[in-house]
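Reckoned from all heavy atoms, side chains included, excluding hydrogens, waters and symmetry mates. Below, chain A is the first sequence line, B the second, and so on; all start at residue 1.
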There are 2 protein chains.
Amino acid sequence: MPEAYAISQEVVVPHRRERRKDARPGELIDAAIDVFAERGFAAARLDDIAQRAGVTKGTVYLYFSSKEELFEAAVRQTLMSSIAHGQSVLRDFQGSTTELLESVLRGWWHGVVRTKAAPLAKLIFAEATNFPELACFYHENVIEPGRRLLARILERGIASGEFRDVTVNHTVSFVIAPFLYLQFYEHSIAMVVPAASVETESFLDSLIDYVLASLAIRGRTT
Amino acid sequence: MPEAYAISQEVVVPHRRERRKDARPGELIDAAIDVFAERGFAAARLDDIAQRAGVTKGTVYLYFSSKEELFEAAVRQTLMSSIAHGQSVLRDFQGSTTELLESVLRGWWHGVVRTKAAPLAKLIFAEATNFPELACFYHENVIEPGRRLLARILERGIASGEFRDVTVNHTVSFVIAPFLYLQFYEHSIAMVVPAASVETESFLDSLIDYVLASLAIRGRTT
DNA sequence: TTTATTAATGACTTAACAGTCATTAATTAT
DNA sequence: ATAATTAATGACTGTTAAGTCATTAATAAA
């Protein structure tokens, strides 16, 4: 009796126990990003990740041998490709360094800060001491390449006389920090205290103005 | 037989089961800060906190009714007193706003960033979504008062013509962010990847230079 | 259609840890 | 010295969730 009705609906809803070897890993990674973002690494339940991907926990272990491995796959898929993109922009850019810097910052904004991968950064910082291998992996593949990229841009601007002669290494931190701050803030406190959220519309424009003002040679208006 | 030897060593080592009602809460909070800083809130074990304070877990519950309450006590003891100090500086300050801003930033550096309480901020951001009450408490008692304090300073400088007319709300974020970045970084990635640590000596001076350069009226050299 | 293969399941095992409470012993009062 | 008080203990309970594996059933091969 129930089956007669079920069959008429079967077109959209996927079968239970459907076998989809190829699609699973990607679906599991997507589900994992969501759950890790919401709960953090330690508190994320594999049961939840599995459910969100439409399978059960046992299935997760067919494709990933542990929670760590699943997490690493998520980082690999999201953050690392963004860095590579920034590096190619630097290599090919022709215009002024001011334009280059602005372009890379806008790229990072749309490619990382405003994506669903944004919460992962918070997570790494949060759980670095509990999962050192994760932290090393992230440092080597995301942080270091990202910092080197920005450092090269600053050096180019100082050499060309567009920027004043700042301490490159620290200035990299000062430029990066507001992005991370917003990423961290929006996916933590702001999710819990609704009144706490930041004006994200104008944030990027204000930041670019702030950074360029600080780097500008004094006495110039541009 | 074993007792004969034990007794001869008893002078320095405190007695087991020693009763020290007054000293316990403070010792537990100190131990808690260390363990929370190392492991995060969820992963911190009360057994570890108790052991580090020289007692057992049962004792913790004589003084704090839950893990959350112990954590809140730690935040109260460390971060909230710093904010209050900054507020009094603002109220009484006589000199230029540039000097005021520099003074408050240096105060924050020595009163928070360079103390053992520094890792607590990371922790709140990390676990805000799992422990919303903690996040609210922190937002209300630390973040909001801290931001308001900085906003008032910026407004004072704009009104007096010392600073250019920036968007106050965003600029507060830009000024705060490098501090938080350093705090987060040093107590996460840098603990695990030794080569990753930042030059902390000159960080504060560079930052103040960077901030003031950005706020300066263009065309001026000071 | 029948058989073989293997993706998917979910009940089970194990471990960790927050929080409880009856018992023990250090300290204080008598 | 003895009794009364209560700080401290640690064995215990309950819960949660990672990881395992024998069973089940969807698909491919014969």
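- Nearest nucleotide to the side chain of A:Arg20, out of D:dA7, D:dA18, C:dA8: C:dA8.
- Remark: P of C:dA18 and CZ of B:Phe71 are 15 Å apart, rounded to the nearest angstrom.
- Distance from the side chain of B:Tyr61 is smallest to C:dA18 among C:dA18, C:dA7, D:dG19.
- A:Phe64 comes within 4.0 angstrom of nothing in the nucleic acid, heavy atoms only.
- Among the atoms of the strands shown, base atoms are found under 4.0 Å from some heavy atom of B:Leu62.
- Side-chain proximity of B:Arg39 to C:dC17, C:dT27, C:dA18: nearest is C:dC17.
- Heavy atoms of B:Ala44 sit under 4.0 angstrom from primed sugar atoms or phosphate atoms, though from no base atom.
- A sub-4.0 Å separation between OP1 or OP2 of D:dA8 and a side-chain N or O of B:Thr56 is absent.
- Annotation: A:Glu68, atom CD; neighbour count of heavy atoms from other residues, nucleotides and ligands within 6.0 Å is above 12.
- Residue whose closest nucleotide on DNA chain D sits further toward the 5' end, between B:Arg19 and A:Asp47: B:Arg19.
- Using a 4.0 Å heavy-atom cutoff across all strands shown, A:Lys57 reaches at least one base atom of the nucleic acid.
- For the pair A:Lys122 and B:Phe125, the cation does not sit on the ring face, since its NZ or CZ is not both under 6.0 Å from the ring centre and inside 45° of the axis.
- A:Phe137 has its ring centre no less than 6.0 Å from the ring centre of A:Phe71.
- Spacing between atom NZ of A:Lys21 and atom P of C:dT5 amounts to 15 Å, rounded to whole angstrom units.
- Protein atom CD of A:Glu18 is 11 Å distant from nucleotide atom P of C:dT9, rounded to whole Å.
- Counting to the nearest Å, the P atom of D:dA8 and the CD atom of B:Gln51 are 17 Å from each other.
- No salt bridge links A:Glu127 with B:Arg39; every basic N to acidic carboxylate O contact stays at or beyond 4.0 Å.
- Taking a 6.0 Å sphere around CD of B:Glu69, one finds it holds more than 12 heavy atoms contributed by other residues, nucleotides or ligands.
- In this structure, OH of B:Tyr63 is placed 8 Å from C1' of D:dA8, rounded to the nearest angstrom.
- When distances are taken from the side chain of A:Arg17 to each of D:dT9, D:dA18, D:dA25, the shortest belongs to D:dA25.
- Following rounding to the nearest Å, A:Phe36 (CZ) and D:dA17 (C1') show an atom-to-atom distance of 13 Å.
- Between the C1' atom of D:dG19 and the CG atom of A:Leu70 lies a distance of 14 Å, rounded to the nearest Å.
- A:Lys67 has its NZ atom 14 Å from the P atom of D:dT20, to the nearest Å.
- OP1 or OP2 of C:dC17 sits under 4.0 Å from a side-chain N or O of B:Arg45.
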